[in-house]
Amino acid sequence: MLNDNNTNSPSAPGGRTRHRRRPSDVTSEESKPNERNLLVNDRSKYKSMVIRAYSTIWMIGGFALIIYCGHLYITAMVVVIQVFMAKELFNLLRKAREDTRLPGFRLLNWYFFFTAMLFVYGRILSQRLVNTVTSDKFLYQLVSSLIKYHMVICYSLYIAGFMWFILTLKKKMYKYQFGQYAWTHMILIVVFTQSSFTVANIFEGIIWFLLPASLIVINDIAAYIFGFFFGRTPLIKLSPKKTWEGFIGASIMTVISAFALANVMGRYQWLTCPRTDLSTGWLHCDPGPLFKPEYFTLPGWTPDWFPWRKVSILPVQGHALCLGLFASIIAPFGGFFASGFKRAFKVKDFGDSIPGHGGITDRMDCQMVMAVFAYIYHQSFVMAQNLSVDTILDQILVNLTLEEQAALYLKLGQILQQRVVG
């Protein structure tokens, strides 16, 4: 008689090959959503909720303080987040045994990281840096020269890193080294793609960074609360604790919050004015038609007990609804992607830097998707497509020397004088 436990048996009665069931093999019954994984059935959910709430309060408080400090501090926060995200992702495929045989190889990852940072932020902030140092002739010429050769400098640094990688290749370690090289570039694409859009949103007006980021936070908190108390129907297998009740409840709360928050944020010039330089002073500007209230009279069938007969709505609130819909329906798929990614590498979280939340990357999965959408939406549907006086002046300051600017000034004065006389 054949022993079922004998894995060396080639066959079983009936001519069929029998295999031992492996732990990784999942039957159809086991693939069904397990209700014990739902948050509503978690026995330690209240303890986890307290830890998570404590961390959330600290994060929101610190975030609000940085927002108050201004554009440069927000950008610095984004840089710090990028460094932590890169660290967590670098460690995900790191093998200590191989690294001990490759001294200095880990430093190469960070070399590529800071080279990419120099390239991305140099492209985004160059024009604003010029506007900051315009009054100083020496700094203006120095910055103008650096901006002119910015791409050459970054490319040279990258080629130096490429040669460094080739020279450090070691026999019997080729597969690991090339795997790390590809993984590093993948991280740079993921981290800096979203960060470039995030920083661009910040300098277009803090509201275009703060509103999308706040909607993701609200959606995440609402999904947790609705799932905590009402979640019964599993939503997706990649995230066993996600439920339809949490998803739908969070979507409704996010859209409502988007409409309300846009009305509040849109009334502060500190949040709506774009920053054209790298200074930290207070901002004053014409808010533009998007942030000027429009008044609507309510219809006659409005109940008498309703306290308002006229309501003011900012046009930006209509755009906020689109951001809210994306934040509640599409952006959560960034979290699902991250869940599948962690399952592929058999890790619970990307890190443990935030108690109750995991790592920085665990909190930024949906933010990355949202930042890209917010930038594309702003450029496509909000930002005016025609040239403005400020844009032309920026181009003049960046591309013309002081002598050329003076000649342009005289020539423009002559043209205007002729038109006035004519």
Side-chain angles (χ1 to χ4, degrees), residues 70-83 85-86 90 104 107-168 181-182 184-204 274-280 371-372 375 379 383 387-409 411-412:
H71 301 71
L72 284 181
Y73 293 90
I74 302 173
T75 303
M77 177 189 68
V78 173
V79 172
V80 172
I81 289 174
Q82 287 175 341
V83 172
M85 288 179 63
F90 282 148
L107 184 64
L108 184 60
N109 294 341
W110 291 107
Y111 177 85
F112 282 121
F113 177 86
F114 288 108
T115 300
M117 180 178 291
L118 177 63
F119 175 76
V120 171
Y121 289 118
R123 298 285 289 181
I124 295 174
L125 303 178
S126 58
Q127 191 171 335
R128 293 171 175 86
L129 180 60
V130 170
N131 295 342
T132 306
V133 300
T134 302
S135 58
D136 190 298
K137 184 177 180 180
F138 173 76
L139 287 178
Y140 175 79
Q141 292 178 345
L142 176 63
V143 170
S144 298
S145 299
L146 291 175
I147 292 174
K148 182 178 180 180
Y149 300 107
H150 171 254
M151 292 190 69
V152 174
I153 295 171
C154 293
Y155 181 73
S156 300
L157 290 173
Y158 178 81
I159 289 299
F162 175 75
M163 295 172 63
W164 179 4
F165 169 74
I166 298 298
L167 293 174
T168 57
Y181 183 80
T184 298
H185 284 68
M186 188 65 186
I187 292 173
L188 297 182
I189 292 173
V190 171
V191 172
F192 282 104
T193 296
Q194 64 89 20
S195 67
S196 61
F197 292 117
T198 301
V199 175
N201 290 339
I202 293 170
F203 284 91
E204 290 294 341
R275 171 72 74 179
T276 57
D277 55 25
L278 298 181
S279 62
T280 57
V372 177
Y375 176 81
Q379 295 294 316
M383 187 176 181
L387 293 176
S388 64
V389 175
D390 290 337
T391 303
I392 296 173
L393 285 176
D394 290 338
Q395 293 298 320
I396 291 172
L397 292 173
V398 171
N399 297 304
L400 299 182
T401 63
L402 289 176
E403 292 76 12
E404 291 172 334
Q405 292 173 24
L408 176 64
Y409 174 76
K411 186 67 175 178
L412 185 59

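Throughout, numbering of the chain's residues begins at 1 and tracks the sequence.
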Exercise for the section: Determine the minimum heavy-atom distance between S279 and D277, stating which atoms define it. Expected result: OG-OD1, 2.8 Å
Exercise for the section: Could you grab the distance from atom CG of L125 to atom CD of Q127, nearest 0.5 Å is fine? Expected result: 10.5 Å
Problem - Interatomic distance, L188 atom CG to N109 atom CG [nearest 0.5 angstrom] - result: 8.5 Å
Exercise for the section: State the CD1-SG distance between I159 and C154, to the nearest 0.5 angstrom. Expected result: 12.5 Å
Problem - N/O donor-acceptor pair under 3.5 Å between H150 side chain and L118 backbone - result: yes
Practice task
For L412, check side chain to side chain contact (heavy atoms under 4.5 Å, CB included) against everything at least two apart and list the hits.
Solution key: L416
Problem - Atom CZ of F113 with >12 non-hydrogen neighbours under 6.0 angstrom - result: yes
Problem - side chain to side chain contact (heavy atoms under 4.5 Å, CB included) assessment of V78 paired with I202 - result: CA-CA 10 Å; V78 173; I202 293 170; 4.1 Å; yes
Problem - Within residues 132-143 or reaching into it, pairs that qualify as side chain to side chain donor-acceptor pair (under 3.5 Å) - sequence neighbours excluded - result: Y140-Q405
Exercise for the section: To the nearest 0.5 angstrom, please state how far the OG1 atom of T75 sits from the CG atom of L278. Expected result: 8.5 Å
Problem - Parallel, tilted or perpendicular, as decided by the 30° and 60° cut-offs, for the rings of Y181 and F112 - result: perpendicular
Handout entry: Distance, nearest 0.5 Å, that separates CD of Q379 from CZ of F197
Key = 9.5 Å
Completion exercise
For E204 and R128, the nearest pair of non-hydrogen atoms, with its separation, is OE2-NH2, 4.4 Å
Handout entry: Heavy-atom pair with the smallest gap, counting every atom of V120 and S196
Key = CG1-CB, 3.6 Å
Handout entry: Gap separating the CG atom of L146 from the CD1 atom of I153, nearest 0.5 angstrom
Key = 5.5 Å
Completion exercise
The complete set of side chain to side chain donor-acceptor pair (under 3.5 Å) pairs with one or both residues in residues 110-125, sequence neighbours excluded, reads Q82-Y121
Problem - Over 12 non-hydrogen atoms of neighbours within 6.0 angstrom of OH in Y409 - result: no
